[in-house]
Amino acid sequence: MNGIKLDLKKSGISQKTIMEYKEEVENIHKDLHNRSSDEKDFVGWLELPTNYDKKEFERIKKAAQKIKKESDILLVIGIGGSYLGARAVIEALTSTFYNMLPEKERKYPQILYAGNNLSPNYINELIEYIGDKDFSVNVISKSGTTTEPAIAFRIFREILENKYGIEEARSRIYATTDKEKGALKTLADKEGYEEFVVPDNIGGRYSVLTAVGLLPIATAGIDIDKLMEGARIAQNRYNDPNLKYNECYQYAVARNILYKLYKNTEILVNYEPKMHYFTEWWKQLFGESEGKEEKGIFPAGVDFTTDLHSMGQYIQEGRRNLFETVININKPKSDITVQTDEDNLDGLNYLSGKTLDYINKKAMEGTIEAHVSGDVPNIKITMDKLDEINMGELIYFFEKACSVSGMILGINPFDQPGVEKYKKNMFHLLEKPGY
């Protein structure tokens, strides 16, 4: 099987009900694609897989090679969409214990993260861990004034300058920011940092396939050409305005149908720990896009089978406002077979000869059946395997589904006016001038 496959059999939604949205979806498709060439609109991600800056793309690969040669660590400084997409891809496509591997086995720099919280414990422990290791910084911020990354960059810029001197520190800082304006752009121009662009027409949560995500991803040794190829496949596949043939649009419609049936919490489920941060990226994508005007499906996430031992009871018998979207990975990267034990004290000999992937899949099937019987509709999305092409396709699938879903809901899926409220209160409490 190739690519992403949608399965609505356990959703409780018929094809006939899906097709009632046919005309509305065709109009949304037309509107969305008519806007794609507008540099002032936030839909630049729509044609990004075929319409990206090829020169910058090559510079990203060269910068990744430079970082690999001179640094043990790349410190990615950013918050929200400025780091979640990169972390999602890196953790899905590298060893679970990548950052713990010895340098010779790892082959590429460790990727660490800062600027995504305000914890002094986190920052001090990170400084202690970096110690005398060689490191570079990729600071990602369109404005350069977002509190968390700005503070982290101030701290680690000083450490770099004290460690290497001002000139070498400049060569170890990579700024991904606005192409024309802003505090970070001004500083990068002044100091001569290598710069990459946060496109004006792509919001942060849709930006993983721009330099925002691609520089850290490439530095971790992941093939960004193949990642973009997967996204390009998805761009072509989900360009059909006919709802009958477009599974991306069918998913967007299905979740809105469930929302109208008072299923207002969607749980993204994975059975692969490598996908944990993909879920975190997905939560921001849908939460920030749809949570407006007192509307929207609340996005949650669980890692099964782990969370079956903590959240399983609630999902099975708690409030019936839930539905699940399960990500199924068809082929594992590796597998292991359960062996026979003579004593069989654990009673597991009935599993002898079976692989862990087979057992994991049966756990998934059994859980879906149990939850569906408990009035928790299930949508299943199957990807062939965890690699760059499939991950690129999955990212684009959810980006486009999110935009269409938000437009069906009747909100603008590309702005985020509500996130400014807490900032104003925080700035006032911190006595920031003007607040």
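As the structure is a prediction and not an experimental result, all values here were calculated from the model.
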Checking Ser71 against Asp134 for the side-chain hydrogen bond (donor to acceptor under 3.5 Å, both in side chains) test, could you report, in this order, the C-alpha distance in whole Å, the side-chain angles of both residues, the deciding distance, and whether it holds?
CA-CA 5 Å; Ser71 294; Asp134 286 316; over 6 Å; no

Any luck finding a side-chain donor-acceptor pair between [X] and [Y] under 3.5 Å?
X	Y	value
Ser11	Asn378	no
Gln235	Thr50	yes
Asn138	Thr176	yes
Asn344	Asp341	no
Tyr259	Lys295	no
Thr340	Asn349	no
Glu290	Ser405	yes
Gln313	Glu317	yes
Asn321	Asn264	yes
Arg170	Tyr164	no
His276	Glu91	no

Decide side-chain contact (heavy atoms from CB on, under 4.5 Å) for Val25 and Ile408; before the verdict, give the C-alpha distance in whole Å, the side-chain angles of both, and the deciding distance to 0.1 Å.
CA-CA 8 Å; Val25 166; Ile408 293 171; 4.3 Å; yes

Do [X] and [Y] make the cut of ring centroids closer than 6.0 angstrom?
X	Y	value
Phe397	Tyr238	yes
Trp282	Phe286	yes
Phe398	Tyr251	yes
Phe57	Tyr52	yes

Pick out which of Lys55, Lys62, Lys61 makes a side chain to side chain donor-acceptor pair (under 3.5 Å) with Glu58.
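Result for side chain to side chain donor-acceptor pair (under 3.5 Å) with Glu58: Lys61.
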
As a quick check of understanding, evaluate side-chain contact (heavy atoms from CB on, under 4.5 Å) for Ile381 and Leu394, giving each step before the final call.
CA-CA 9 Å; Ile381 295 172; Leu394 190 65; 4.2 Å; yes

Can you sort out the partners of [X] under salt bridge (charged side-chain N to carboxylate O under 4.0 Å, His left out), two or more places apart, ordered by chain and number?
X	answer
Lys380	none
Arg35	Asp31, Asp41
Glu148	none
Glu388	none

Test log, rule salt bridge (charged side-chain N to carboxylate O under 4.0 Å, His left out), inputs Arg237 and Glu393:
CA-CA 9 Å; Arg237 181 172 290 163; Glu393 184 172 348; 2.4 Å; yes

A quick test of your reading: do over 12 heavy atoms of other residues, nucleotides or ligands sit less than 6.0 Å from [atom1] of [X]?
X	atom1	value
Glu128	CD	no
Lys69	NZ	no
Glu158	CD	no
Tyr122	OH	yes
Lys30	NZ	no
Lys354	NZ	yes
Lys361	NZ	yes
Lys333	NZ	no

Test Arg232 against Tyr396 for side-chain contact (heavy atoms from CB on, under 4.5 Å), laying out the working first.
CA-CA 8 Å; Arg232 191 159 52 249; Tyr396 191 91; over 6 Å; no

Mind checking whether Leu258 and Ile379 have side chains closer than 4.5 Å, heavy atoms only?
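In short, these two side chains touch, coming nearer than 4.5 Å.
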
Using side-chain heavy atoms (C-beta onward) and a distance below 4.5 Å, is Ile297 in contact with Thr265?
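Ile297 does not reach Thr265 side chain to side chain.
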
Side-chain ([X]) to main-chain ([Y]) donor-acceptor, under 3.5 angstrom:
X	Y	answer
Gln339	Ser352	no
Asn390	Leu386	no
Thr146	Pro149	no
Glu247	Leu6	yes
Lys292	Asn412	yes
Asn51	Glu47	no
Lys226	Ile222	no

Apply side-chain hydrogen bond (donor to acceptor under 3.5 Å, both in side chains) to residues Thr325 and Glu266 and explain how you reach the verdict.
CA-CA 7 Å; Thr325 296; Glu266 179 178 14; 2.6 Å; yes

salt_bridge(Glu70, Lys66) N-O dist < 4.0 Å:
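Salt bridge between Glu70 and Lys66, a charged N being under 4.0 Å from a carboxylate O: yes.
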
Nearest 0.5 Å, what's the CD1-CG distance between Ile79 and Leu84?
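One finds 9.0 Å between CD1 of Ile79 and CG of Leu84.
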
Spatial distance of atom CZ (Phe42) from atom CD1 (Ile202) [nearest 0.5 Å]:
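Spacing of CZ (Phe42) from CD1 (Ile202) equals 10.5 Å.
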
Over all atoms of both residues, closest heavy-atom pair of Met364 and Val326
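Closest pair (atom of Met364, atom of Val326, distance): SD-CG1, 4.0 Å.
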
Any pair with a residue in residues 92-114 that passes side-chain hydrogen bond (donor to acceptor under 3.5 Å, both in side chains), sequence neighbours left out, goes on the list, sorted by first then second residue, please.
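side-chain hydrogen bond (donor to acceptor under 3.5 Å, both in side chains) check on residues 92-114 returns Gln110-Tyr129.
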
Set of residues satisfying side-chain hydrogen bond (donor to acceptor under 3.5 Å, both in side chains) with respect to Asp72, sequence neighbours excluded:
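For Asp72, no residue satisfies side-chain hydrogen bond (donor to acceptor under 3.5 Å, both in side chains) once neighbours in sequence are set aside.
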
NZ or CZ of Arg172 within 45° of Phe135 ring axis and under 6.0 Å
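Pair Arg172/Phe135 does not count as cation-pi.
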
Mind running side-chain contact (heavy atoms from CB on, under 4.5 Å) on Arg320 and Tyr262 for me, showing each step along the way?
CA-CA 8 Å; Arg320 299 298 78 190; Tyr262 303 101; over 6 Å; no

